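Below is one structure, written out as C-alpha cells; the observations come after it.
All values below come from the heavy atoms of this structure, side chains included, with hydrogens, waters and symmetry mates left out. All of these numbers come straight from a predicted model, not from anything done at the bench.
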Amino acid sequence: MCGIFGVIGHEDAARLTYFGLYALQHRGQESAGIAAWDDESSTAHYHAGMGLVPDVFTEEHLRALPGRTAIGHVRPSTTGRPQLRNAQPLVARMRGGVQVALAHNGNLTNAAEIRRELEDEGCIFQTTIDSEIFVHLIARALTYNTMEEAIQIACNRVEGAYSLVIMADDRLIAVRDPHGLHPLSIARMGESWVFASESCAFDLLEAEYLREVEPGEMVVVEPGANAFRSIRFAEAKKVRQCIFELVYFARPDSRVFGEDVYQCRKCMGRNMMRESMADAECVIPFPDSGIYSSLGAAQEAGVPYEHALIRNHYVGRTFIQPSQSMRQFSVRVKINPVRSMIENRSLYVVDDSIVRGTTIRTRVAKLRQLGAKAVHFRVSSPPIKYPCFYGIDFPSPKELIATKYDPAQIAEMLGLDSLHYLSLEGLLASVSHPEDYCTACFTGDYPTPLPEVQDKMSLEHRSAPRCGC
C-alpha cells in the first residue's frame, strides 16, 4: 500500500506535494519522492530518498523542484526490495522527448509474466518493482499512439490493482483500475486540481473535495484548463474496493470510497459487540488502530472507554516493518500500559485485526503480569486467512495466524479469556455499499485472475477448514 499525490496549476506545486505526502505518511514509511515539471526549462526535476517525508526533503530540495505541476509518492515495500532505486515516482524520457513521471499504488498480479515478455523483447529494467512495467508498456505504445492512448493500452494489458498519477511533461493524468481496488480522489484548490489517495491530504491544503476517480476512469488535466477530461479506458467491471482500507489502513479523518472512515470503524465496533458480549468493566483499545472501533464497542456495551495502553508515536507501525525481528523489537517499545487501569480489572481489549499475532501475544502477557483479572479480546474484522495480492503487506499465508488456528486455539495460545472476531456479515453491515468491496483476505474470493503459483497457493488455503466467529 502506497500514498500518491498530484497537483497541477499551482506556482508552488512541489511544496504542496510535500505537504500532501506528509498527510499520507501513514501509507508508506520506507521512501518518498517528488517529480515536478519546470515550464521555463521544459524539464522534469526529481528528488527521492529513503525514510520519512520530512527526512527526505529539505528546503533546498523543494527549491530545486520548480514548476506548476508535480506528483509525489510514499512507499512501503510490497514488491521489490527496500532500495533507493525502487523509490517513486519513476521518471523516464520517452519517444519524441516527452518526459513521464509515474507514481503507482497497488500490485499487479500478472507482473512477472509481463516482465519476462518485455525482457525477452529487449527491455532493460532499472528497478525490481512492478510499477516499472507501466513505464515500458507506455513507452512501447507511444510509437503509434498519443500519450492518453498509450496509457490506456498499458492499463488494459495489466491485471490487479493500480491507482496512478502520471505527469507527462506539463499534463497531469490520474487513473484507477476497473475494479477500483485502491482509492484515488479529486479536489479543487482555487485554479489548481489536486489528486490524492485520501481526502486527509486535501484537508491539510484546504482543497475542496470533489469526487473519486471512478473505477476504469482516466482523468486528464492540461495546464491552464478550467476543467478536466474524463476517459473510460476499460469495460465496466464489478467494483471491488479494498475493505481493509476502512478496517485499518486509511486515516480515520479521511473520506475513502465515499465512506467516512471514522464512522465506519465505530460501526464495526458496535456490530462486533452486538455479536459477543462478556462480563467486563471497561473497553481499552490497542492504540492507535483499535481506538475508533473501541469507541463504538464501549457505546454498545455501556461500559467506560479507557486509554490503558499508551503508544509511543515515535515508533513505526509494526504492521509494515519489513522484518520479523524488527516487528518484535517495535512491539516492546511501542506501547506502555497504565497499571492503575489494568490491575484487578476485567477488560475488553479491542483491535481492528489480527495478522501475525506478534503484537497481541506480547501485550496480553504484559496485561496478565500487571494483574488483569480477565482479558476478553475483540477484533473488529473477520479472521485474515488468505494472502493479499493487491498491495496490503501480508502476502505469505505462513504469517497469517488464522490460517493455522481457529479462534479457540488462538485464544488459548494468547492466554485470553475469550476471543471474538467480527463476522463478515457484521463487517459488511458497517459500510454503505457492501456489494462493492473486496473481502478476499477473509474469504479467498479474489476479484482478478491470479498467476498460477499464486492461484495454487490460494486454492490450498480455500480448502482448509474455516473457523467460525
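- Rounding to the nearest 0.5 angstrom, the gap separating the CG atom in Leu428 from the CE atom in Met268 is 9.0 Å.
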Evaluation steps, side chain to side chain contact (heavy atoms under 4.5 Å, CB included), between Thr43 and Gln99
CA-CA 8 Å; Thr43 302; Gln99 294 182 71; 4.3 Å; yes

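- Using modelled atom types, no side-chain atom of Gln88 and backbone atom of Arg75 make a donor-acceptor pair closer than 3.5 Å.
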Show your working on side chain to side chain contact (heavy atoms under 4.5 Å, CB included) between Ile151 and Val175 and close with a plain yes or no.
CA-CA 9 Å; Ile151 294 172; Val175 186; 4.1 Å; yes

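- Ser163 and Asp177 are not linked by any side-chain donor-acceptor pair at a separation below 3.5 angstrom, with hydrogens and angles left out of the test.
- Considering CZ of Phe195 and CG of Leu164, their distance stands at 12.5 Å, rounded to 0.5 Å.
- For the pair Met147 and Val220, the minimum side-chain heavy-atom distance is 4.5 Å or more.
- Residues satisfying the salt bridge (Lys or Arg N to Asp or Glu O under 4.0 Å) test with Asp436, not counting sequence neighbours, are none.
- Residue pairs meeting the salt bridge (Lys or Arg N to Asp or Glu O under 4.0 Å) criterion with at least one partner in residues 193-207, sequence neighbours excluded, are Arg27-Glu198.
- Summarising the geometry of Ser380 relative to Met272, their closest heavy-atom pair is N-SD, 3.6 Å, with the distance given to 0.1 Å.
- A tilted orientation is assigned to the rings of Tyr209 and Phe202, their planes being inclined by 30° to 60°.
- Between the Gln409 side chain and the Asp406 main chain, a donor and an acceptor come within less than 3.5 Å of each other.
- Contact detail for Leu181 and Cys438: the closest heavy-atom pair is CD2-CB, 4.0 Å.
- Atom SG of residue Cys123 and atom CZ of residue Arg115 lie 10.5 Å apart, to the nearest 0.5 angstrom.
- Nearest heavy atom pair, residue Ala207 against residue Met189, reads CB-CB, 3.9 Å.
- Pairs of residues two or more places apart, or lying in two chains, that qualify as ring pair (Phe, Tyr, Trp, His ring centres under 6.0 Å) and include a residue from residues 40-70 are His47-Phe57, His47-His61.
- Summarising the geometry, atom CG belonging to Leu137 is positioned 10.5 Å from atom CD belonging to Glu132; distances are rounded to the nearest 0.5 Å.
- Taking a cutoff of 4.0 Å between a charged side-chain nitrogen and a carboxylate oxygen, Arg211 and Glu217 qualify as a salt bridge.
- Residues meeting the ring pair (Phe, Tyr, Trp, His ring centres under 6.0 Å) test with Phe377, sequence neighbours left out: Phe286.
- Side-chain atoms of Met167 and Val100, non-hydrogen and from C-beta on, never get closer than 4.5 Å to each other.
- With sequence neighbours excluded, no residue forms a ring pair (Phe, Tyr, Trp, His ring centres under 6.0 Å) with His73.
- Shown here are the salt bridge (Lys or Arg N to Asp or Glu O under 4.0 Å) partners of Arg176, two or more places apart in sequence or in another chain: Glu212.
- For the atom pair Asp351 CG and Tyr248 OH, the distance stands at 8.5 Å (nearest 0.5 Å).
- The shortest side-chain heavy-atom distance between Ser192 and Ile8 does not fall under the 4.5 Å cut-off.
- Looking at Tyr421 and Ser353, their side chains never bring a donor and an acceptor atom within 3.5 Å of each other.
- A donor-acceptor contact shorter than 3.5 Å is absent between the side chain of Ser254 and the backbone of Ala250.
- Inter-residue side-chain proximity for Leu184 and Ile4 is flagged as met; some heavy-atom pair is nearer than 4.5 Å.
- Ala14 and Ile34 make their closest contact through O-CD1, 3.8 Å (heavy atoms, listed as atom of the first residue, atom of the second, distance).
- Not a single donor-acceptor pair under 3.5 Å links the side chain of His182 to the backbone N or O of Gln241.
- Heavy atoms from other residues, nucleotides or ligands lying under 6.0 Å from CD of Glu208 number 12 at most.
- Between Ile360 and Ile354, the closest side-chain pair of non-hydrogen atoms falls below 4.5 Å.
- If you check the side chains of Asn86 and Ser31, you find no donor sitting under 3.5 Å from an acceptor.
- Once rounded to the nearest 0.5 Å, the distance linking CZ of Arg171 with CD of Glu222 reads 5.5 Å.
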Let's go through Phe125 and His136 carefully: what are the C-alpha distance in whole Å and the side-chain angles of both, what is the deciding distance for ring pair (Phe, Tyr, Trp, His ring centres under 6.0 Å) to 0.1 Å, and is it a yes or a no?
CA-CA 9 Å; Phe125 283 77; His136 288 281; 4.3 Å; yes

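- Heavy-atom neighbours of Glu235 CD from other residues, nucleotides or ligands within 6.0 Å: at or below the threshold of 12.
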Dump the intermediate steps for side chain to side chain contact (heavy atoms under 4.5 Å, CB included) on Tyr162 and Leu108, then the final yes or no.
CA-CA 7 Å; Tyr162 55 90; Leu108 305 181; 4.0 Å; yes

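- Aromatic ring centres of Tyr446 and Phe389 lie closer together than 6.0 Å.
- Side-chain contact between Asp445 and Thr439 is absent, with no heavy-atom pair separated by less than 4.5 Å.
- Side-chain contact of Ser381 with Asp352: a donor-acceptor pair under 3.5 Å is absent, judged by distance alone.
- With salt bridges taken as basic N to acidic carboxylate O contacts below 4.0 Å, none links Glu259 and Arg255.
- Although no hydrogens or angles enter the test, the distance criterion places a donor-acceptor pair under 3.5 Å between the side chain of Asn105 and the main chain of Cys2.
- In this structure, Asp38 contributes its side chain and Ala44 its backbone to no donor-acceptor pair below 3.5 Å.
- Residues Leu90 and Thr127 form a side-chain contact, since some pair of their non-hydrogen atoms from C-beta on lies under 4.5 Å apart.
- Judged purely by atom type and a 3.5 angstrom limit, Asn110 uses its side chain to pair as donor or acceptor with the backbone of Glu159.
- Looking at Asn156, its side chain does come within 3.5 Å of a backbone N or O of Gln152 through a donor-acceptor pair.
- Nearest heavy-atom pair, Pro89 versus Ala35, reported as atom, atom and distance to 0.1 Å: CG-N, 4.1 Å.
- Contact annotation: the side chain of Val74 never approaches that of Phe5 to less than 4.5 Å [non-hydrogen atoms, C-beta and beyond].
- A salt bridge does not link Glu435 with Lys238: none of the charged nitrogens is closer than 4.0 Å to a carboxylate oxygen.
- Salt-bridge annotation for Glu117 and Arg157: present, with a side-chain N of the basic residue lying under 4.0 Å from a carboxylate O of the acidic one.
- Ion pairing between a basic and an acidic side chain is recognised when a charged N comes within 4.0 Å of a carboxylate O; Glu191 and Arg68 show no such pairing.
- The backbone N or O of Pro397 lies less than 3.5 Å from a partner atom in the side chain of Thr403, making a donor-acceptor pair.
- Across Leu21 and Gly33, no two heavy atoms sit closer than the pair CD1-O, 3.6 Å.
- If you look at Phe244 and Phe249, their ring centroids are not closer than 6.0 Å.
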Ile186 and Trp193: side chain to side chain contact (heavy atoms under 4.5 Å, CB included), yes or no, with the steps?
CA-CA 7 Å; Ile186 311 168; Trp193 296 93; 4.2 Å; yes

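- Donor-acceptor pairing under 3.5 Å is recorded for the side chains of Ser131 and His104.
- Ser423 places a side-chain N or O within donor-acceptor distance of the main-chain N or O of Gly426, the cut-off being under 3.5 Å.
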